[in-house]
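These notes are about the structure you will find just below.
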Amino acid sequence: MCLSVPGKVVEKKGLAADVDVGGTIRKISLKFVPEAKVGEYVLVHTGFAMQIVDEEEANEMMKLLKELTDGPVS
Amino acid sequence: MVRFLSEYRDKDLAQGILKRIEKISKKPANFMEVCGTHTVAISKNGIRHALPENVQLISGPGCPVCVTANVDIDKMLAVLSLPDVIVTTFGDMMKVPGSYSSLSKERAKGADVRVVYSTLDAIEIAKNNPEKKVVFFGVGFETTTPTIAESIIEAKEQNVKNYSILGAHKVVPPAMKALLDLGEVDLHGFLCPGHVSMVIGSKPYEFIARDYHIPCVIAGFEPLDILESIYMLIKQIEDGRSEVEVQYKRAVKPDGNPVAVGVMNQVFEPADADWRGIGVIPGSGLKIRDEYADFDAARLFPDIEVPPTREHKGCRCGDVLRGLIFPYECALFGKVCTPTEPVGPCMVSSEGSCAAYYRYDDRVKA
């Protein structure tokens with residue numbers, strides 16, 4: 001029930017946004033993340049964007065995982 | 001390829017993390033995944049069976065519809081039986097049985113129950129049906145509650161007088177404390193719920209690491225997120241540490257989302273709540289503040305008659321929710337209780353532990 005899915009903000013009018021969620025454009029409220037910009041990804045839960053996806057942190061995680069799993073397990 | 005999803009399903013990286021887990025894990029490691037969405041992701045991706053034998057994942061009380069007590073569902077059904085009422089709710093709640101019936105069964109008999117995607121859709125239904133009383137059955141944790149609070153604020157601002165909430169909202173950290181205080185399960189770590197934490201942040205779990213010395217890792221929902229979180233928990237217990245760490249950093253900040261928390265606190269205040277299988281946990285629920293009493297269905301319909309509560313015979317959903325037994329240890333599991341003929345809510349809800357084990361964990365079906 002706490003499922004939230006990432007979607008890209010494609011248009012923004014005040015606190016109402018069109019968000020591309022897996023190829024479907026949904027009307028989403030930006031009430032909780034008013035600072036979200038067009039082009040950014042937000043986590044969508046029951047019609048509301050609940051958080052902006054932090055791209056830097058996302059890239060950092062993949063970098064750390066690749067370092068962790070790189071090379072033989074000794 | 002969906003950005004921020006597909007890249008966390010890489011098979012080679014998953015194998016790489018599993019090898020690291022096997023290498024460093026020496027001590028017994030019983031970890032509870034608190035969140036129902038984690039339970040499904042873990043079962044669906046076969047993670048339970050890919051881990052070394054000393055690492056056990058135990059499902060907890062994190063499916064909001066599953067932990068909703070029968071009495072709360074019975075109250076909702078009693079409101080539904082009143083004249084001129086339309087009940088709205090999220091789809092997850094429809095089939096969950098109370099003591100005698102479910103919203104789905106009542107709708108089949110002609111009651112007006114409507115599933116909505118968002119609470120704001122429920123307000124639209126209220127505006128379009130001014131002669132009816134539109135009641136939203138509010139169930140959920142901190143992920144969902146801000147959206148319900150916002151619907152009350154908007155209804156008040158827009159002067160929608162026929163909209164109200166029958167709330168059975170719950171907050172997660174007090175339930176984790178209650179499980180630890182019961183002391184029934186030998187736990188060595190918590191996989192903390194990622195999307196609850198996206199709202200409340202990482203700080204509300206600090207007492208668990210500090211006072212109970214139980215490591216906590218806030219985890220994302222894709223296979224690599226979950227495996228990395230398990231690795232982080234194992235690292236903590238092998239190092240003898242107990243801290244709150246965030247694996248799901250792309251969504252979770254230490255303070256969560258203060259705007260969403262502010263909206264939730266504007267409308268709701270802490271209250272006790274009744275959890276299926278656990279009972280009443282102090283401070284684990286939320287009630288509507290007096291200022292918004294006009295939108296509180298519990299106060300609008302004070303005289304509803306609720307029949308005596310009864311539990312589902314033989315169903316051990318409560319023991320499953322406390323992590324006392326695995327779903328397959330219930331005598332009904334897979335025999336008289338299946339997703340098509342469910343007895344209890346843990347088999348009804350798609351996020352219920354019993355449903356997840358039944359659908360995905362081949363080993364336990366035998």
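Every chain is numbered from 1, with letters handed out A, B, ... down the list of sequences. Only a predicted model underlies this, so the values are computations on that prediction, with no experimental measurement involved.
- Remark: the backbone N or O of B:A251 is not paired with any side-chain donor or acceptor of A:E57 at under 3.5 angstrom.
- Counting heavy-atom pairs under 4.5 Å between each of B:L224, B:T143, B:V252, B:V261 and chain A puts B:T143 at the top.
- Residue B:T37 touches chain A through its side chain alone, counting heavy-atom pairs closer than 4.5 Å.
- For the residue pair B:Y163 and B:S151, a side-chain donor N or O sits within less than 3.5 Å of a side-chain acceptor on the partner.
- Interface remark: A:V44 contributes side-chain atoms only to the contact with chain B (heavy atom separation under 4.5 Å).
- Of the two parts of B:N257, the backbone and the side chain both hold a non-hydrogen atom closer than 4.5 Å to a non-hydrogen atom of chain A.
- Contacts between A:K66 and chain B at a heavy-atom distance below 4.5 Å involve backbone atoms as well as side-chain atoms.
- Disulfide criterion (SG-SG under 2.5 Å) for B:C346 and B:C317: met.
- Among A:G47, A:A58, A:S4, the residue with the largest count of heavy-atom pairs under 4.5 Å with chain B is A:S4.
- Both the backbone and the side chain of A:L65 have a heavy atom closer than 4.5 Å to some heavy atom of chain B.
- In terms of heavy atoms, A:L43 sits closest to A:P6 at CD2-N, 3.9 Å.
- Heavy-atom distances place both the backbone and the side chain of B:F4 under 4.5 Å from chain A.
- Comparing B:D92, B:L13, B:V65 by how many heavy-atom pairs each has under 4.5 Å with chain A, the most go to B:L13.
- Nearest approach of B:P345 to B:V96, heavy atoms of both residues: CB-CG1, 3.8 Å.
- With a 4.5 Å cut-off on non-hydrogen atoms, B:D225 touches chain A through its backbone and its side chain both.
- A donor-acceptor contact shorter than 3.5 Å links the side chain of A:K12 to the backbone of A:P34.
- Side-chain atoms of B:H169 never come within 3.5 Å of backbone atoms of B:L286 as a donor-acceptor pair (strictly under, hydrogens ignored).
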